[in-house]
Amino acid sequence: MILVIDDDIAVRTSLQLLLKSKGYEVEGTGGPEEALRFIKNQNPDLIILDLNFSISTTGEEGMNLLQQIKKTAAAVPVILITGWGSIALAVQGMKLGADDFINKPWDNGHLLQSVKTLLDLRRQTAVNRTRKQLDKEYNFKHIIGEDPQMLQILETIGRVAGTDASILIMGESGTGKELIAEAVHQNSRRQSKPFIKVNLGGVSTSLFESEMFGHVRGAFTDARFDRAGRFEMANKGTIFLDEIGDLDAGSQVKLLRVLQDRTYEVLGSSRTKTVDVRVVCATNKNLANMVSSNTFREDLLYRINLITVILPSLRERPKDIPLLVEFFMNNLKQIYNRPELTVSKSAMKWLQQLPLPGNIRQLKNLVERSILVSSRNVLEIDDFKLQLELSPQKSNAQWPGVGTITLEEMEIEMIKRAMAFHKNRVSKAAPALGLTRSALYRRLDKFEIPYDEAED
């Protein structure tokens with residue numbers, strides 16, 4: 001049962017009729033005291049709460065009632081609704097435990113979608129299941145792992161996939177955030193509709209509106225044709241906003257509007273379009289810290305993280321490494337026509353000890369490079385160790401402070417390091433430094449750095 005709390009009988013009646021037309025059982029109350037009595041006696045499944053019950057438009061009355069509701073029925077989802085909405089008010093409500101914030105006049109479709117999503121989530125119950133049990137119910141064929149942390153994540157996304165809840169996927173680079181986003185889509189009611197991926201880190205500020213909302217011919221100098229934006233392409237489906245932590249402040253505001261109202265304007269057109277889309281976001285950054293440092297909008301964070309999934313790094317689930325290696329090997333056997341390929345037990349144990357800061361992406365790259373270079377059918381530790389040493393490594397070295405070293409001194413030091421690393425082989429050190437062999441020879445002579453021509 002849904003409880004509508006609003007002192008305006010016209011609004012209350014309108015909401016009740018709308019919800020009843022969709023088969024919901026609905027009751028209404030006009031004030032805080034009556035509402036609290038009803039909640040205590042009836043325990044509703046969801047509450048739609050107006051924020052003002054007098055001539056005041058501050059929302060303070062509604063916020064006070066929200067706090068009392070959460071003390072009485074903490075698990076009941078609450079949708080705040082007001083004709084005097086503001087970003088600050090929305091953020092305050094979310095902090096106090098509200099699940100959504102909708103402005104009057106509301107869009108019926110958006111309101112009904114929010115109601116359905118919150119009710120679906122409330123009815124879901126978590127059950128710890130094995131990977132086999134999860135695979136019988138959901139489509140997780142592209143996700144490899146049996147670690148308890150991963151099983152809990154698969155359980156969560158399986159349960160929420162059928163709703164339209166916004167999902168924020170967090171984790172280090174290479175942990176499989178895109179695969180999780182795809183799994184959400186594949187297990188949802190929208191699976192036959194588009195799944196549109198957008199790497200926000202690669203969208204410049206000047207092109208954000210054109211890329212996301214589209215443009216009409218003549219909207220700017222090079223706009224020779226009409227172009228559909230990503231949100232229009234994703235309509236009725238799912239849009240995956242990767243690297244959302246890289247979005248600049250101006251673009252965050254534009255994104256917030258479409259997520260909040262489900263409306264946008266095509267660049268160069270004054271006509272407002274509506275969109276029906278499931279939003280899944282991902283980032284490897286700590287958005288809470290970014291909110292504290294004022295580099296990410298708090299109201300946008302509340303819009304995208306109704307459900308938050310935090311993916312563990314590969315070093316936190318080492319038992320899954322053999323499963324991943326076996327999966328990669330089976331694929332690469334076919335690609336490179338080497339059916340006898342396998343990994344020795346000692347090599348597999350060695351792989352499980354690696355920190356692998358690049359996570360699954362780095363592991364896959366390491367396995368493939370080792371297969372390409374080694375002529376053996378049984379890959380040993382040395383095969384992987386050689387390729388790991390040749391892999392690009394993240395450096396924790398700090399740049400020297402300004403004034404502590406000259407450019408020439410830094411150049412000399414880098415040349416010496418490169419020569420030492422490549423055992424005085426100019427043919428190897430030169431490309432590592434981005435130089436031709438002749439250019440490196442000139443610098444070696446100029447800086448009087450010894451080298452052995454015979455070694456090259």
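On a predicted model such as this, the values are computed, not experimentally measured, just so you know.
Taking the six-membered ring where tryptophan is involved, the planes of Tyr264 and Phe213 are essentially parallel, since the angle between them stays under 30° and well short of 60°. Using a 30° and 60° split on the angle between ring planes, Phe195 and His185 fall in the tilted class, from 30° to 60°.
Heavy atoms from other residues, nucleotides or ligands lying under 6.0 Å from CG of Leu17 number more than 12. Remark: Met233 CE is packed, more than 12 non-hydrogen atoms of other residues, nucleotides or ligands lying under 6.0 Å away. By the neighbour-count criterion of 12 heavy atoms within 6.0 Å, atom CD of Gln133 is densely surrounded, having more than that number from other residues, nucleotides or ligands. Counting heavy-atom neighbours within 6.0 Å of Lys193 NZ, excluding the residue itself, gives a total of 12 or less. Annotation: Leu407, atom CG; neighbour count of heavy atoms from other residues, nucleotides and ligands within 6.0 Å does not exceed 12.
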Donor-acceptor list for residues 28-42 side chains, cut-off 3.5 Å, not counting sequence neighbours:
residue: Glu34; atom: OE1; partner: Gly30; partner atom: N; Å: 3.4
residue: Asn41; atom: ND2; partner: Arg37; partner atom: O; Å: 3.1

Show the atom names and distances, to 0.1 Å, of all donor-acceptor pairs under 3.5 Å that link a side chain in residues 312-336 to residues at least two apart or in another chain.
residue: Ser313; atom: OG; partner: Glu316; partner atom: OE1; Å: 3.0
residue: Arg315; atom: NH1; partner: Glu172; partner atom: OE1; Å: 3.3
residue: Arg315; atom: NH2; partner: Glu172; partner atom: OE1; Å: 3.4
residue: Arg315; atom: NH2; partner: Glu172; partner atom: OE2; Å: 2.4
residue: Glu316; atom: OE1; partner: Ser313; partner atom: N; Å: 2.8
residue: Arg317; atom: NH1; partner: Asp320; partner atom: OD2; Å: 2.8
residue: Asp320; atom: OD1; partner: Glu146; partner atom: N; Å: 2.9
residue: Asp320; atom: OD1; partner: Asp147; partner atom: N; Å: 3.3
residue: Asp320; atom: OD2; partner: Asp147; partner atom: N; Å: 3.4
residue: Asn330; atom: ND2; partner: Glu326; partner atom: O; Å: 3.2
residue: Lys333; atom: NZ; partner: Leu341; partner atom: O; Å: 3.3
residue: Tyr336; atom: OH; partner: Glu368; partner atom: OE2; Å: 2.5

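The side-chain heavy atoms of Lys116 and Leu112, taken from C-beta on, include no pair separated by under 4.5 Å. In this structure, Asn235 and Val277 have side chains that are not in contact, with every pair of non-hydrogen atoms separated by 4.5 Å or more. Considering only heavy atoms from C-beta on, Leu49 comes within 4.5 Å of Leu65 through its side chain. No side-chain heavy atom of Tyr138 sits under 4.5 Å from any side-chain heavy atom of Leu154.
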Worksheet entry | Audit row: Lys285, Glu243, salt bridge (Lys or Arg N to Asp or Glu O under 4.0 Å) steps and yes/no | CA-CA 8 Å; Lys285 297 186 176 179; Glu243 305 299 348; over 6 Å; no
Discussion item. I'd like to know whether Ile69 forms a side chain to side chain contact (heavy atoms under 4.5 Å, CB included) with Val76, so could you lay out the CA-CA distance, the side-chain angles of the two residues, the decisive distance to 0.1 Å, and finally the verdict.
Written reply: CA-CA 9 Å; Ile69 289 171; Val76 177; 5.6 Å; no
Practice prompt. Please lay out, stage by stage, how Met212 and Leu241 fare under the test side chain to side chain contact (heavy atoms under 4.5 Å, CB included).
Written response: CA-CA 10 Å; Met212 302 306 293; Leu241 304 177; 3.8 Å; yes
Practice prompt. Show your working on side chain to side chain contact (heavy atoms under 4.5 Å, CB included) between Asn286 and Phe296 and close with a plain yes or no.
Written response: CA-CA 10 Å; Asn286 189 321; Phe296 197 84; over 6 Å; no
Worksheet entry | Asp299 vs Arg303, salt bridge (Lys or Arg N to Asp or Glu O under 4.0 Å): CA-CA, chis, key distance, verdict | CA-CA 6 Å; Asp299 47 353; Arg303 281 290 169 192; over 6 Å; no
Worksheet item: Can you list the steps and then say if Leu118 with Val78 is a side chain to side chain contact (heavy atoms under 4.5 Å, CB included)?
Response: CA-CA 9 Å; Leu118 291 172; Val78 178; over 6 Å; no
Discussion item. Apply side-chain hydrogen bond (donor to acceptor under 3.5 Å, both in side chains) to residues Asn289 and Ser292 and explain how you reach the verdict.
Written reply: CA-CA 5 Å; Asn289 287 348; Ser292 299; 5.2 Å; no
Fill in: side-chain hydrogen bond (donor to acceptor under 3.5 Å, both in side chains) assessment of Thr117 paired with Asp164
CA-CA 6 Å; Thr117 296; Asp164 280 321; 4.6 Å; no
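A salt bridge is absent between Arg271 and Glu265; no separation between the charged side-chain nitrogens and carboxylate oxygens falls under 4.0 Å. Remark: Glu298 engages Lys95 in a salt bridge, criterion side-chain N to carboxylate O under 4.0 Å. Salt bridge absent: Lys20 and Glu25 never bring a charged side-chain N and a carboxylate O closer than 4.0 Å.
The shortest heavy-atom contact between Ile244 and Cys281 is CD1-SG, 3.6 Å. Of all heavy-atom pairs between Arg131 and Phe140, the closest is NH2-O, 2.9 Å. Closest approach of Ser188 to Ala161, counting heavy atoms only: CB-O, 3.1 Å. The nearest pair of heavy atoms linking Pro194 to Ala234 is CB-CA, 4.4 Å. Scanning both residues, Leu151 and Gly145, for their nearest heavy atoms gives CD2-O, 4.3 Å.
Taking CG of Leu111 as the reference point, atom NZ of Lys22 lies at 11.5 Å (rounded to 0.5 Å). Note: Asn52 CG to Lys104 NZ = 8.0 Å, rounded to the nearest 0.5 Å. Note that OG1 of Thr175 and CE of Met150 are 8.5 Å apart. Values are rounded to the nearest 0.5 Å. Here the CD1-OG distance, from Ile360 to Ser173, works out to 12.0 Å after rounding to the nearest 0.5 Å. Interatomic distance, Ile169 CD1 to Ile157 CD1, rounded to the nearest 0.5 Å: 7.5 Å. Note that CG of Leu311 and CG of Asn284 are 11.5 Å apart. Values are rounded to the nearest 0.5 Å.
One N or O on the side chain of Arg12 and one on the backbone of Asp6 form a donor-acceptor pair closer than 3.5 Å. Between the side chain of Asp261 and the backbone N or O of Thr263 there is no donor-acceptor pair closer than 3.5 Å. The main-chain N or O of Lys236 is found under 3.5 Å from a side-chain atom of Arg190 such that the two form a donor-acceptor pair. Not a single donor-acceptor pair under 3.5 Å links the side chain of Asn305 to the backbone N or O of Ile307. A donor-acceptor distance shorter than 3.5 angstrom exists from the side chain of Asp248 to the backbone of Gly250, with no hydrogens or angles considered. With hydrogens and angles disregarded, a donor-acceptor distance shorter than 3.5 Å links the side chain of Lys177 to the backbone of Gly171. A donor-acceptor pair under 3.5 Å is absent between the side-chain atoms of Ser14 and the main chain of Ala10, judged by distance alone. In terms of modelled atom types and a separation under 3.5 Å, the side chain of Arg278 and the main chain of Ile239 share no donor-acceptor contact. Between the side chain of Asp100 and the main chain of Ile79, no donor-acceptor pair closer than 3.5 Å is present. Using a distance-only test at 3.5 Å, with no hydrogens or angles considered, a donor-acceptor pair links the side chain of Gln252 to the main chain of Arg297.
Under the side-chain contact (heavy atoms from CB on, under 4.5 Å) test applied with Tyr24, the options Asp45, Leu46, Leu19 reduce to a single match, Leu19. Shown are Val367, Val373, Leu366; of these, the side-chain contact (heavy atoms from CB on, under 4.5 Å) with Ser370 is made only by Leu366.
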